[in-house]
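Working notes, beginning with the structure itself.
Only heavy atoms go into these numbers, but all of them, side chains included; no hydrogens, no water, no symmetry mates. Below, read A as the first sequence line, B as the second, and so on, with proteins coming before strands; counting in each chain starts at 1.
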Amino acid sequence: MGEYQAIFNLSSKATWKITPLIEAPEIGFDFEKWKPVKSVDDHLAPFAKRVKTQWQGRHCFVDMKLIEPSKRMVDGQHPAEFVFNELRSQDCMAIPVSGLDRDQQYQEAIRRAVVKDSRGLCLRLGIEDAFKTTLKREVDVLLSHIGLQVRECDLVLDLGAPNFEPVNGFAKLIEDAIIRRLPDLRLWRTFTLVGTSFPQSMAEVKESPATIRRSEWLLYTMLIENLRKTKTRLPAFGDYGINHPSVDLVDWRKVKPSAKIKYTADDSWFIVKGSNVRDNKFEQYRGLCQTVIDSPHYPGEDFSYGDKYIADCASGIGKTGNLTTWCMVGMNHHLEKVVADIASFFGSSGTP
Amino acid sequence: MITNERQYRVSKAQLSNLEKAAEVFDLDETAERIGSKVLAKAELEALRSEVEILSAQLREYEALKSGMVTVPKTANLDELPSIFIRARIAQGLSQRGLADKLGLKEQQIQRYESEEYASASLRRLSKIADALKLSISEVVELRQESKNEQSATPPDIDWSCFPVKEMYRRGWLADLVGSMASAMAEADSLARVFVTSVIRRPAIAMHRKRVRSGSDLDPYALLAWECRVLALAEKSPAKGTYTHDSLDNKWLTKLAQESRFSDGPMRAREYLDKAGICLVVEPHLPHTHLDGAALLHGERPVVGLTLRHDRLDNFWFVLFHEIFHIIKHLRKGRVENILDDMDAEPDEFEREADELAGRVLIPEKDWEVALARYVQSEDSVNALARELDINPAIIAGRIRKEADNYTILNQLVGKGEVRKHFPEVKLGW
């Protein structure tokens, strides 16, 4: 939810520079009854409407990979087909996402959506997929099944949450063994590199405030410098926001979430943690916000909606929010920050 | 051993970090996170043992600097380098101070100390002894003395301190005594016979070894284990003849490739045997958390392994670590310096052996751009193992070590794949 609202509160400048890749979330699990919280129908019913409310009619990628492949709607329809029909009826400009790791029924559902929408496809390649010697053949087979040319498709090279160290070795690997070998690199409609170094769990973050290397940004800038030298097509930058890609099903009865602000800085994540919010409530956020403001990473309250929220909370004017609010605040700052950093990194030469 | 102020400061900071980490270590939370209480405990143990090792090193350096301890005399030329280093510190001389006295560069002294004066000429050694006001003649005298006293019990060995009960239980004393009761009745003399039948001057042996250890290590248990390994090596000596030059890169690479086979550990033993190196497996004794040792039996090298962790990654890593001790450290002065690092920290033998072992198992140029290193998946590890012609366990072990995460790639590290190849070892594990 925080992500949706973060997008809603973006400046218009940032809005037009971002293409979100939205994953339909997986169905939650009820640990008390030991079964999924909702049927897939109930779970997916509000999805398209939410996308419309937050992102209106702008382009976005929509990926259904988190919905278990065996799930079907009550009438037997594939969830992906259902979702893209809904998005169409809401006038959303959704581009379906597929990959080499999806089953045939999924690909078939995507094919139908592609045929109806004529908006092409986003191919999301995992790093190990991209490394395969059979990559070109597999991509050709998939695209011809869907009935598309490479130039009608967007390519997302998704590193997930790998080990980034040593960054220069990793950059070399991606450049030589992957990007240079990608089939038809110049032809894809867009080309984006995605990855994250965001910690998987806040329990890993022992001290507060903590500064953690934002390795995907370091990797990206290093890679761009290298690729420029050889006039190779430059990828656009993408990340997972202030999240780790693997979401564990959490039994919220047993977890006491702590107050925290996940704040994106130049080359790092600046994480400020408090104590658990069940016992110690949200008033503690005022102090946490002050820590962010006092850090060298805070650009001022005018920087973004999220930064204003932080300033107001610290000064006592604003509210102390809830966990979803703080997720939104961090995400909103993150998106504005990344858009600004990309612009300044590429300067006048323009973004790829 | 800490040999200069910089190392002292670094070690001190390290110690305080480690102590803090050990203090805030939450056993329950860690156990829950990694899903095993045993592993969590092991993690804590490892942390504590590092704390102990570091504080022992710091204490030694502090004691030497304070002048509270006197540098011991030695009867053995092998100990000269360590005496030189200690004497320098005890006299409050920095490496630069000594260099200045001799008209040398500081780096030269650093280098000498890091390689234990292996490349120093006799004349240079004599000058250094002069500068440190050490009398070499005393060494010679002492040696004559100890020759006369060879049959006598060295004064600083307390024979009642050996873990005779455990030694008996493991059958080490089978040739010497009948029942456990009679063994315990004459424990002191049994220990003496057991030790002196392998090592002529145990008191010196006790001090001469270089142990990556903390203060809680029981030196008697260590010596007993060492003697046992040497005794086994004597019983079944290696068939081949050892020559130092034969352990070249080609030889090492071939040894690493033996790991591909399911009976790799056996093959390693045979391979070493042909090269004149005896590989002995003997579980560690209580209060000695050893993984392995590189020993000399006369002129012949012996590798002793405890197989404390029954995992392939550990087996191969420790094996290569010990082999590099043989190549680089046991026979000083005859090896070209493999690491061309002029700033190499003195006394980093352990780190050097670690690094060399890592590098020969997985060459740096491959490791830098290895997909497996970054994605850490089973498929990528297996693919790299095929490419390098080695066991995936070695790669999985390297990834776990670098990530400092011993919960990943569990299926690939070859758990339970080592000890079973040494069925003759029945007790101790």
Side-chain angles (χ1 to χ4, degrees), chain A residues 100-101 125-135 157-181 193 195-197 199-208 210 215-216 218-219 222-223 226 245-246 248 250-251 254-256 258 276, chain B residues 16-35 40 43-44 47 355 358-359 362-388 392 395-409:
Chain A
L100 300 179
D101 52 350
L125 278 186
I127 179 167
E128 289 185 272
D129 290 334
F131 214 76
K132 284 184 185 167
T133 47
T134 53
L135 175 65
L157 180 56
D158 186 357
L159 307 177
N163 162 44
F164 282 89
E165 301 301 330
V167 174
N168 52 352
F170 196 26
K172 206 161 132 196
L173 170 76
I174 293 175
E175 182 185 348
D176 294 344
I178 298 177
I179 292 186
R180 290 192 191 291
R181 291 180 46 248
L193 183 72
T196 187
S197 58
Q200 179 158 18
S201 144
M202 279 297 114
E204 289 170 37
V205 184
K206 297 275 180 223
E207 48 179 11
S208 174
S215 304
E216 64 276 21
L218 297 170
L219 175 83
M222 197 177 280
L223 200 57
N226 294 345
S246 49
D248 289 333
V250 175
D251 185 351
K254 294 188 183 156
V255 177
K256 286 187 176 179
S258 58
N276 88 69
Chain B
S16 119
N17 286 340
L18 284 171
E19 279 175 340
K20 253 184 243 154
E23 207 174 293
V24 301
F25 193 93
D26 187 333
L27 200 59
D28 294 336
E29 190 203 85
T30 312
E32 199 168 320
R33 178 166 52 82
I34 62 182
E43 227 175 87
L44 181 60
L47 210 55
E355 272 177 24
R359 248 184 253 175
I362 311 172
E364 275 310 295
K365 63 169 178 33
D366 297 313
W367 190 230
E368 191 192 8
V369 292
L371 183 67
R373 185 180 196 179
Y374 304 102
V375 301
Q376 306 180 338
S377 69
E378 289 192 12
D379 285 350
S380 62
V381 169
N382 284 322
L384 181 63
R386 280 193 297 274
E387 204 179 296
L388 296 177
I395 297 161
R398 176 89 179 253
I399 291 173
R400 285 155 54 108
K401 195 170 176 208
E402 283 190 1
D404 193 19
N405 181 348
Y406 294 90
T407 61
I408 53 175
L409 297 171

inquiry  = Between A:Arg181 and A:Ala177 (side chain of the first, backbone of the second, donor and acceptor by atom type, cut-off under 3.5 Å), is there such a pair?
reply    =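 Yes: the side chain of A:Arg181 pairs with the backbone of A:Ala177.
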request  = Would you confirm whether A:Asn163, through its side chain, and B:Arg373, through its main-chain N or O, come within 3.5 Å as a donor-acceptor pair?
outcome  =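 Here the side-chain-to-backbone pair exists.
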ask   = Does any heavy atom of chain A fall under 4.5 Å from the side chain of B:Glu29, the backbone, both, or neither of them?
value =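 It is the side chain, since no backbone atom gets that close.
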inquiry  = Report which part of A:Phe131 has an atom under 4.5 Å of a heavy atom belonging to chain B: side chain, backbone, both, or neither.
reply    =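 Looking at A:Phe131, just its side chain touches chain B.
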message = Minimum heavy-atom separation for B:Leu27 and B:Leu44, please, with both atom names.
response =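 Shortest heavy-atom contact: CD1-CD2, 4.2 Å.
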task = Would you mind telling me which of B:Ala370, B:Ala403, B:Ser377 has the largest number of heavy-atom pairs within less than 4.5 Å of chain A?
result =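 Highest number of heavy-atom pairs under 4.5 Å: B:Ser377.
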query = How are the rings of A:Phe170 and A:Phe164 set relative to one another: parallel (under 30°), tilted (30 to 60°) or perpendicular (over 60°)?
reply =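 Rings of A:Phe170 and A:Phe164: perpendicular, over 60°.
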